[in-house]
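Encoded as structure tokens, the structure appears first; notes follow it.
Atoms within a ligand are numbered from 1 in the order they appear, just like the ligands themselves. As the structure is a computational prediction, the values presented were derived from the model and not from experiment.
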Amino acid sequence: MSDLVQFTKDNGVAVITINNPPVNALSPGVPDGISEAIDQIAKDAGITAAVLIGGGRTFVAGADIKEFGKMTSSGKPRGAGLLPLLLKIEDSAKPVIVAIHGTAFGGGLELAMSGHYRVAVPGAQVGQPEVKLGIIPGAAGTQRLPRLAGVAKAVEMCTTGNPVKADDALKSGIVDRIIEGDLLAGAVAFAREVAAKPVRKTRERNEKLGTAAENAPIFAAARETVAKKQHGLLAPLAAINAIEAATKLPFEEGCQVEQKLFVECLFSDQSKALIHVFFSEREVNKIPDIPKDTPVIPINSAAVVGAGTMGGGIAMVLANAGIPVLLKEADQAALDRGLATIRTNYENSVKRGRFSPQDVEERLKRIKPTLSDDDFSNVDLVIEAVFEGMALKKEVFKELDRVCKRGAILASNTSTLSIDEIAASTSRPEFVIGTHFFSPANVMRLLEIVRGKATSKEVIATLMQLSKKLGKVGVLVGNCRGFVGNRMFGPYRREAQFLVEEGASIEAVDHALTDFGMAMGPLAVGDLAGLDVGWRIRKEYQHLEVPGVRQPFTEDNLCELGRYGQKTGGGWYKYDDQRRASADPAVAELIRKWVAEAGIPQRQISAAEITDRCIYALVNEGARILEEGFALRASDIDIIYLNGYGFPAYRGGPMWYADTVGLKNVHERVSEFHRQHGENWKPAPLLKRLAEEGKTFADLAKKEGAAA
Ligand code: T1G
Ligand code: NAD
């Protein structure tokens with residue numbers, strides 16, 4: 001038997017234990033080990049039943065995703081994969097009981113469903129998350145799951161990819177018993193109970209497959225939901241088609257339909273992008289010069305300075321994570337406003353069923369409003385979120401440095417100012433760091449963690465770990481203007497404005513990007529965040545503008561007219577009291593007047609040009625950030641854009657998307673724009689080099705990985 005699969009006996013009951021840490025993925029060697037064990041059970045007359053269980057913290061979390069890359073790069077799909085093993089288990093004459101703790105995901109649940117019975121601990125979860133990787137279950141999951149849980153449940157699980165808790169799995173028929181206490185002991189006892197009973201093969205349990213008439217509305221509703229919520233995604237529709245085949249065809253033929261759809265999805269760009277996202281989300285936690293065992297500072301209490309748009313949301317995030325938080329404002333009126341917004345946000349969460357009224361009361365109790373920093377002396381972490389001005393920030397940090405205990409971390413939520421300059425206003429620059437949350441802070445998952453020159457490794461490790469506890473995706477970035485996300489967003493929105501000034505309509509620009517998959521168009525995003533935020537920053541940095549380099553003027557002009565966007569009822573669009581947007585002919589008229597005054601020739605602009613100019617502006621600036629070392633990896637930039645800027649996950653992020661298009665093509669297009677539109681489009685040296693070398697941004701990480 002291989003190291004990956006152990007075989008023991010417990011008084012007539014065989015115990016097959018999978019040991020492939022960290023998540024018992026079905027890596028090469030695991031299926032063979034299980035197969036050998038099933039052969040042994042068949043041969044051993046002393047064995048009446050078998051238990052299949054995972055060693056360590058979980059049952060099987062699925063097929064080994066790392067193996068997919070090898071398949072798609074070889075271009076050759078794997079053979080029958082897991083199917084023969086699952087049939088062998090199912091055809092065992094002696095009952096096989098699968099014991100589940102942690103997660104039985106993907107191939108792990110498919111393995112479990114090939115068993116004759118499934119038992120689970122109360123905290124276990126089962127699921128078919130494959131659509132999150134742009135694929136569908138590929139080991140008969142779409143054929144066995146509807147037989148166990150019914151068609152509707154199978155469709156829901158395979159199209160959303162969301163896990164199901166043990167009690168729900170029991171109710172749905174996926175699991176046969178919940179085991180309180182020791183799982184193995186409970187499973188072996190269960191095995192003894194059923195040893196003498198005839199085995200039940202899941203593939204022969206057709207009673208829940210329903211009739212065509214019963215299933216038609218289920219499939220129709222599912223296709224409608226997918227069209228709305230997962231627009232443009234291949235895998236959810238493929239999953240529905242595979243389950244539909246299960247209701248119409250014999251098991252073997254249903255499996256063939258599933259195989260065909262699985263391979264189509266696996267070789268799609270969407271799947272390659274989503275698998276890139278899977279590993280990139282895990283890679284962001286790895287900081288080359290900060291080892292996993294770097295000591296972290298316990299954060300058991302916190303304070304937030306400024307209870308405005310961001311401060312209020314940040315206080316909620318800390319309270320939601322169970323951390324008591326002082327919330328300080330400059331005056332009572334501002335404090336009352338901040339608390340009222342917090343309460344309204346929580347009430348909305350109750351309406352959406354995210355929290356119960358008790359949950360809200362508990363969280364509100366953790367937020368202690370104050371106008372003084374008397375109680376700041378004991379907090380472990382302070383996050384500053386006052387107006388964006390260097391002088392004010394320095395004043396606040398000087399005060400915090402005076403009142404906070406030694407060892408307390410002082411963080412700033414600044415979106416553009418230098419962390420080094422803020423840190424220099426204190427006597428503890430090594431404890432100063434940037435924590436750049438995104439609006440609304442209690443909703444957006446992204447947290448840019450900004451490393452200052454003096455920031456200590458302990459402080460960085462602490463914030464990286466804390467970001468997980470806060471339910472955020474923490475990404476470490478360098479201290480440059482706008483850090484990573486906003487620095488790239490500048491050129492992206494610059495091009496959106498230029499395109500309008502050159503003749504494209506506001507709607508055409510936004511539609512092109514939403515058709516590309518962006519959650520929101522660049523101009524509508526401006527209205528959401530407030531056009532005045534960028535306007536104030538541009539005025540603060542006007543002295544840095546390069547003379548002779550073209551700058552857009554429309555948003556500044558709109559702000560001069562008090563059109564800040566949603567918050568003033570009008571910006572690029574006009575908004576009703578429900579903040580619903582509609583085109584405003586007055587704005588189109590104003591723009592025509594301004595461009596005429598500026599003498600900008602007007603022309604027809606294609607959606608393809610709009611998309612290329614906005615997306616490649618992101619990529620070109622991203623390449624600059626990489627070569628300047630303000631981001632560790634191209635994949636970190638992708639994770640920032642997926643979690644903070646509504647970039648479509650199925651395109652993998654701006655840097656992965658560029659690799660998919662081919663950097664040679666991207667460089668050619670950027671060079672073309674450089675010739676047409678000037679210095680703003682000077683190709684980043686890194687983009688030029690990689691394009692000439694026929695390399696990708698992803699190759700950079702491989703090289704560094706190899707170098708590390
Ligand atoms: N394959 C390979 N590596 C995996 C893996 C997998 N399935 N799952 C996790 N890892 C690695 C991960 O990269 C990380 O590595 C480490 O394990 C710990 O993971 C045939 C085709 C189970 C909920 O989609 O959702 O089966 O960074 O940090 O937060 O139909 O991992 O340490 O080097 O995420 O505790 C379907 C994917 C596959 C589940 C645990 N299965 N995994 O979360 O730890 S497709 C999935 C997860 C399939 C079949 C099809 C989570 C987890 P490193 P982690 P965690
Ligand atoms: P805001 O104007 O909504 O709130 C700022 C608050 O700070 C106000 O309520 C003000 O009364 C309070 N304040 C000012 N001086 C103070 C002092 N000395 N002590 C205590 N409170 C004081 O601003 P915001 O949008 O929440 O931005 C706050 C910070 O977060 C800025 O640095 C901004 O750049 C950054 N940020 C903003 C966004 C966004 O989308 N709004 C996103 C990320 C980061």
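Of all atoms in ligand 2, listed by their number and element, those nearer than 4.0 Å to a heavy atom of Val305 are 19 (N), 20 (C). Listed by number with element, the atoms of ligand 2 under 4.0 angstrom from any heavy atom of Thr414 are 32 (O). Residue Ser415 has at least one heavy-atom neighbour below 4.0 Å for each of these atoms of ligand 2: 33 (C), 34 (O), 35 (C), 36 (N), 44 (C). The Thr309 neighbourhood of ligand 2 comprises atoms 3 (O), 25 (O), 26 (O), with distances under 4.0 Å to a heavy atom of that residue. Those atoms of ligand 1 that come under 4.0 Å of a heavy atom in Phe68, given as number and element, are 21 (C), 45 (S). Atoms of ligand 2 found under 4.0 Å from any heavy atom of Phe387 (numbered from 1 in listed order, with element): 2 (O), 5 (C), 7 (O), 8 (C), 10 (C), 14 (C).
Atom 40 (O) of ligand 2 lies below 4.0 Å from at least one non-hydrogen atom of the protein.
Residue-ligand proximity: Ala529 is placed with every non-hydrogen atom at 4.0 Å or more from ligand 2. At least one heavy atom of Arg57 sits less than 4.0 Å from an atom of ligand 1.
Among all non-hydrogen protein atoms, the one lying nearest atom 29 (C) of ligand 2 is Val386 O, 3.3 Å. Closest protein heavy atom to atom 11 (O) of ligand 2: Glu329 OE1, 2.8 Å.
Below 3.5 Å of separation, one finds no N or O of Pro137 facing any N or O of ligand 1. Residue contacts with ligand 2: Glu395 is placed with no nitrogen or oxygen under 3.5 Å of a nitrogen or oxygen of the ligand (distance criterion only). At least one N or O atom of Glu388 sits closer than 3.5 Å to an N or O atom of ligand 2. The shortest N/O to N/O separation between Glu384 and ligand 2 does not fall below 3.5 Å. Note: no N/O pair closer than 3.5 Å links His436 and ligand 2 by distance alone. Between Met310 and ligand 2, at least one N/O pair is under 3.5 Å apart.
Of all the heavy atoms of Leu392, the ones lying under 4.0 Å from any atom of ligand 2 belong exclusively to the side chain. If you look at Ala61 next to ligand 1, the close heavy atoms, those under 4.0 Å, come from the backbone and the side chain alike. For Phe437, every heavy-atom contact with ligand 2 shorter than 4.0 Å involves the backbone, none the side chain. The side chain of Lys286, and not its backbone, has at least one atom closer than 4.0 Å to an atom of ligand 1 (non-hydrogen atoms only; side chain from C-beta on). At a heavy-atom cutoff of 4.0 Å, ligand 1 is contacted by the side chain of Leu133 but not by its backbone. Heavy atoms of Pro22 found under 4.0 angstrom from ligand 1 belong exclusively to the side chain. Proximity of Val23 to ligand 1, defined as any heavy-atom pair under 4.0 Å, is confined to the side chain (atoms from C-beta onward).
Using cut-offs of 30° and 60° on the angle between ring planes, the pair Phe262 and Phe68 is perpendicular.
With Glu555 as the partner, the side chain to side chain donor-acceptor pair (under 3.5 Å) test is satisfied by one option alone out of Tyr564, Trp535, Trp572: Trp572.
Within the 6.0 Å centre-distance limit, the rings of Tyr645 and Phe438 are counted as a close aromatic pair.
Salt bridge annotation for Lys567-Asp527: absent, with no cationic side-chain nitrogen under 4.0 angstrom from a carboxylate oxygen.
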